[in-house]
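I have placed the structure first, in the form of structure tokens, so that the comments after it can refer back to it.
If you're wondering where the values come from, they're calculated on a predicted model, not measured in any experiment. By convention in this document, chain letters (A, B, ...) are assigned in the order of the sequence lines, proteins followed by strands, and residues within each chain are numbered from 1.
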There are 2 protein chains.
Amino acid sequence: MPNELHPGTDKALANCIRALAIDAVEAAKSGHPGAPMGMADAATVLFARHLKFDALNPDWPDRDRFVLSNGHASMLLYALLHLTGSPDMTMEELRNFRQWGARTAGHPEFGHAPGIETTTGPLGQGLANAVGMALAERILSEEFGGDLVDHRTWVFVGDGCLQEGIGQEAISLAGHLKLGKLKVVYDDNAITIDGATSVSFSEDVPARFRACGWHFVQADGHDHAAIDAALTEAASVTDRPSLIALKTVIGYGAPKKAGTAAAHGSPLGAEEAQAAKQALGWAHPPFEIPAVLLDQWRGIGNRGAAAREAWGQRLASDPKGAALAQRLAGGEPAGLKAAFKTARDALFATPQAVATRRASQIALESLTAALPEMVGGSADLTGSNLTRVKSVEPAFTPDAPGRYIGFGVREFGMAAAMNGMALHGGIIPYGGTFLVFSDYSRNAIRLAALMGVGSIHVMTHDSIGLGEDGPTHQPIEHLASLRAIPNLLVFRPADAVETLECWEIAVKNRKRPSVLALSRQAVPQLRGGRPGLDAPNMSSHGAYVIRSYGAARDVTLLATGTEVSMAVEAAEALAAEGLGVAVVSMPSWELFEAQPAEYRRRTLGTAPRIAVEAAGKFGWTRYVASEDDVIGMNGFGASAPAEVLYEKFGITKDAIIARAHALTGK
Amino acid sequence: MPNELHPGTDKALANCIRALAIDAVEAAKSGHPGAPMGMADAATVLFARHLKFDALNPDWPDRDRFVLSNGHASMLLYALLHLTGSPDMTMEELRNFRQWGARTAGHPEFGHAPGIETTTGPLGQGLANAVGMALAERILSEEFGGDLVDHRTWVFVGDGCLQEGIGQEAISLAGHLKLGKLKVVYDDNAITIDGATSVSFSEDVPARFRACGWHFVQADGHDHAAIDAALTEAASVTDRPSLIALKTVIGYGAPKKAGTAAAHGSPLGAEEAQAAKQALGWAHPPFEIPAVLLDQWRGIGNRGAAAREAWGQRLASDPKGAALAQRLAGGEPAGLKAAFKTARDALFATPQAVATRRASQIALESLTAALPEMVGGSADLTGSNLTRVKSVEPAFTPDAPGRYIGFGVREFGMAAAMNGMALHGGIIPYGGTFLVFSDYSRNAIRLAALMGVGSIHVMTHDSIGLGEDGPTHQPIEHLASLRAIPNLLVFRPADAVETLECWEIAVKNRKRPSVLALSRQAVPQLRGGRPGLDAPNMSSHGAYVIRSYGAARDVTLLATGTEVSMAVEAAEALAAEGLGVAVVSMPSWELFEAQPAEYRRRTLGTAPRIAVEAAGKFGWTRYVASEDDVIGMNGFGASAPAEVLYEKFGITKDAIIARAHALTGK
């Protein structure tokens, strides 16, 4: 009986959410009314009695986080923010749901309004973000004490989040690490877009969570007292994450569509909307909340004000308070400049002919020592990614939240958890895997770029140069496919100095994610300098002339990563023949595109250009006349020693020289 | 006591595998000895007593499938193929493990030798492939009868496969659909690359599988009798998939490294290799198998010969045998040409101004009616992807294997299962999701391209044209990032006729995967023709002049998908001003690149070119002078009605006209 309402003191409060969700979806003529209507009771009880927040100060750092992982239920979140009095979420915004320029996007967008803790919609990722938030809380609580850092992360998930593989990665990791402040509320409505969940989903969900070390409790999702009891029980469990499974009715209140897929992703329609309001006992005009209910909601929004004030006083008096405040403020870390300079001086004094993954480890040794906000990890490739260094020892375990996280073989979960850590604040997360497995984590990298979040991806084994593991492990199209993502910084440094420089840029960029594509195989250090000199970070230009031979350029060689030293060798040979040659190292296309036009023109030159990169050629026509001028890969790689592969695939000094001859006619 | 050997009659047989794995990894100076050594006993028992196969006829269609999901254990598979006598897997191949040109790549590569059922290495995907194989078996068994189709799919998995999210997607789907012939053997060695699994993995694995509806049995993975009993029990369970968890010791036999991560991914080293052989009682030179053992192994390889012959006789005598043989032979489906022609005649007779996703559904109605090998599905977006049509009713359920699979919200698992269905043979799988979620399934699409497998991805909501769902759901970089994958066909058809044409090409291409990028919003039908006329499939050229105005070209407009009709409108306006304009529709860059140079030159012309595509501009410099000549997206999308987005992001007829004026000076 979907439209038979349970009694409950807060029922009218929940109906405020339902009415707004109905109205906004009707006005937009698109959207998802079912989940907000089904979860309105749970949200009301959570916000009214459990969630620690202060609506007028939605960015209070010690607030509980609320993540709506089933992001299509966005109107639930917008209604809650409006009702509790979040300043930016006016009724006008709700009226403009899903319209150009509104804060109320179809799916919640981080940055549109405080209180939207992360961007959700691609299912499962909100849950994984929340794992990252809970990790961050635990690390910071250990570092700064429970007086200053002590909050929970609450998550709403739907069936989709639990069907997505990343959901399991998040569940498994959270259970393993015993994230006791992570509390997940499951909208168990037995409906997905294609119909009943029984079409595709017949798991014993509680058993799966229990198998992964979770606490489990369930309740009728429309019985406020039962919800309250379940949330209370979950909150009392501190040694494990909790799943609170609520049996709900999607589209609760809609006489015809409740409990069916028809309530999921389309407006109810005028008639059913009206009937739903009637069934709910809601007699108010669209987008109108009676003052008495709005007052109650504003009271809920104000519940945490005293706690927030008390926290502010503790922050002011705690000896660690200032340091925490600085950490939470974000921006460029205080010690970065000095750590970078010291590390570069060391490279200038003692050049390192190493793989760039090893160069990255050298950089990490300095940076993590200076920057306590850096927290590392790897998706079970620590010894290959070289992401672990002394300062981030020991590991994060169930008993002690260290600075290194063994994410397990869970690339996507790792990337989304990194986003959650960055979103939480106070942490600069980096995590390692092989570049080819950016395929697995790709959508989390995308969401970081969309949100403007500075997660740092250490992606080693960046070309056929990884050798014998073969084509399944050799990235070909990955550099291009990552360069195609807006707002992402893709770095492929050429040597130890560039690797350090790229790390500095990545750490500085707190609002853009970075991918560092690093080699398995060694390269010479191409750049030196006088230690102590305040030399510029050349990689910050994205591309620059690293070698120049002859007075006038006959040809320009563009290269990235391990192929820069090959290009230098070719250039030297060409110069010996009397040609004018410039070698341009291009560690980051994105940063180069952001340079002034004159700098770009000067760097690229007007002579014929050849690109050298041990990867697919796609995209290089931005800088060279045709893909014939790219010394790169035409197809997938193969399993053989690296030097054999370079030779067989024709990525050689001789190939560069031959193409230069053909282009210059010299 | 890793090096204390259990007694067992087949122990010496298992040691053949171990010795070959040790030798090959030592010779290659790279590779993974630990898993082959740990799983040698299980593999021996499986091949000697359970797996239905005939080594001399490794492609026998009714063989059991053996999938090595933990592909880094490749030497296990190569050793098995060699020992059982698979013709292509000579000792020379084992000696050349991981070398250029060898069949013995670092990870198993489909196509390198019969018996390698799928390419594995990227973890979790082999398991999901196997789910697809089991689905295919069940569908074909229903269609052709259990006399002709009745085989199991056996899978070896490691911890990584179970940690990866896609593993859970596969497990959950297989349990839901009660794939009773799927039998998964878990190498429970408690070790991953980063050390003990306890670093990151502490699940109750049996409980998780049971929660997902699986049968579970466990055994000592080095006790042949116990393994045999467990496999026998699993084989007897027909109503559920089985997990056979074997407690094993990684690097079993190596005195110092067994049971540690040191045995995982590096050669044992000469000394430890020697010590391991001694401990195993193996006194033979490298790459030598004593005749008595080789004879026994060849006997194992011959175990299924009689069954294969009997099957051949049944195939010959069964009334459905010829049809099955034809289906399994693959190649272009018999009814394709006629179905295509009928469907195009219908479009020529009654033009359809519809969304290309709807055009796809129209195409599917004809194609699936004519081609029983087509099996459809969607990752819980059936009503949006429009992948379901009459001929693929009813759905695949635990009780009846229909032609439509509700994959649930499991894009990656779906794509990998589709690969498995295609690899199995007899099925042309297609599956739907939103284009943006190609991010989730990306690596399975890549592996299809690498393997040469014709999975077909129906990816709707292909641009900002999806409107209000906003930037999380609007693909921007996806077309470019898919075009960057070698051997993948990426289609973005402009209208109903092109959509049908692209479908025909996709179905024809049984050795290349396809992505059909389809619109949510309607487009006019741009092409007509006389029904009954044998008109060419214009989309097969990849790009072609769809409209031409004026005697000489002043400008060429390149466009794809929904923007072709916009380009045509702009061209008409420019033509009215007196300009010579050609509009080139480019449904597939890959097919266009494969055309003769003269065709490409003629199509692109020498006049200035403008590209129009509601997507990121990355990659278009292949065809236009600079990204300034691309009418497309510079960043992420936004949440608003589609027409507002096109206007706000400047993807309009007027923008095309303005750029044409600027380029032509007219």
Checking [X] against chain B: side chain, backbone, both or neither under 4.5 Å from a heavy atom?
{"X": "A/Thr120", "answer": "backbone"}
{"X": "A/Glu627", "answer": "side chain"}
{"X": "A/Ala395", "answer": "neither"}
{"X": "A/Val436", "answer": "both"}
{"X": "A/Gln474", "answer": "backbone"}
{"X": "A/Pro108", "answer": "neither"}
{"X": "A/Ala449", "answer": "both"}
{"X": "A/Tyr623", "answer": "neither"}
{"X": "A/Trp589", "answer": "side chain"}
{"X": "A/Val644", "answer": "side chain"}
{"X": "A/Ser172", "answer": "both"}
{"X": "A/Leu381", "answer": "both"}
{"X": "A/Arg446", "answer": "both"}
{"X": "A/Ser198", "answer": "backbone"}

What residue, out of [options], has the most heavy-atom pairs lying under 4.5 Å from chain A?
{"options": "B/Glu109, B/Arg442, B/Gln99", "answer": "B/Arg442"}
{"options": "B/Pro641, B/Ala444, B/Ser74", "answer": "B/Pro641"}
{"options": "B/Ala638, B/Pro471, B/Ser30", "answer": "B/Pro471"}
{"options": "B/Ala261, B/Gly616, B/Ala105, B/Ala102", "answer": "B/Ala105"}
{"options": "B/Glu169, B/Glu203, B/His107", "answer": "B/His107"}
{"options": "B/Asp380, B/Thr382, B/Thr397", "answer": "B/Asp380"}

### Parallel, tilted or perpendicular: ring planes of A/Tyr440 versus B/Phe412, cut at 30 and 60 degrees
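Taking B/Phe412 first and then A/Tyr440, their aromatic rings stand perpendicular (interplane angle over 60°).
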Using a distance-only test with no angle check, is there a side-chain donor-acceptor pair under 3.5 angstrom linking [X] and [Y]?
{"X": "B/Ser378", "Y": "B/Asn385", "result": "yes"}
{"X": "A/Tyr404", "Y": "A/Thr387", "result": "yes"}
{"X": "B/Ser481", "Y": "A/Ser481", "result": "no"}

Quick one: does any side-chain atom of [X] pair with a main-chain N or O of [Y] as donor and acceptor, under 3.5 Å?
{"X": "A/His478", "Y": "A/Ile476", "answer": "yes"}
{"X": "B/Arg520", "Y": "B/Ala642", "answer": "no"}
{"X": "A/Thr119", "Y": "A/Phe110", "answer": "yes"}
{"X": "B/His176", "Y": "A/Val199", "answer": "yes"}
{"X": "B/Ser639", "Y": "B/Asp469", "answer": "no"}
{"X": "B/Asn487", "Y": "B/Leu450", "answer": "no"}

### Task
To the nearest 0.5 angstrom, please state how far the CZ atom of A/Phe618 sits from the CD atom of A/Glu477.
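The distance works out to 11.0 Å.
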#### Entry: Nearest-0.5 Å distance, OG1 of residue A/Thr118 to CG of residue A/Leu447
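Reported value, rounded in 0.5 Å steps: 7.0 Å.
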Out of [options], which one racks up the most heavy-atom pairs below 4.5 Å with chain B?
{"options": "A/Ser202, A/Cys212, A/Gly470, A/Pro398", "answer": "A/Ser202"}
{"options": "A/Arg483, A/Gln163, A/Arg388", "answer": "A/Gln163"}
{"options": "A/Arg208, A/Arg410, A/Lys29", "answer": "A/Arg410"}
{"options": "A/Ile445, A/Thr197, A/Ile485", "answer": "A/Ile485"}
{"options": "A/Ser200, A/Gly165, A/Ala28, A/Gly106", "answer": "A/Ser200"}
{"options": "A/Glu411, A/His473, A/His32", "answer": "A/His473"}

With a 4.5 angstrom heavy-atom cut-off, could you sort out which part of [X] is near chain A: side chain, backbone, both or neither?
{"X": "B/Leu123", "value": "both"}
{"X": "B/Phe407", "value": "backbone"}
{"X": "B/Val624", "value": "neither"}
{"X": "B/Phe636", "value": "both"}
{"X": "B/His72", "value": "neither"}

### Task
Tell me, yes or no, whether the heavy-atom count around B/Glu647 atom CD, taken from other residues, nucleotides or ligands under 6.0 Å, exceeds 12.
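No, the 6.0 Å shell around CD holds no more than 12 heavy atoms from other groups.
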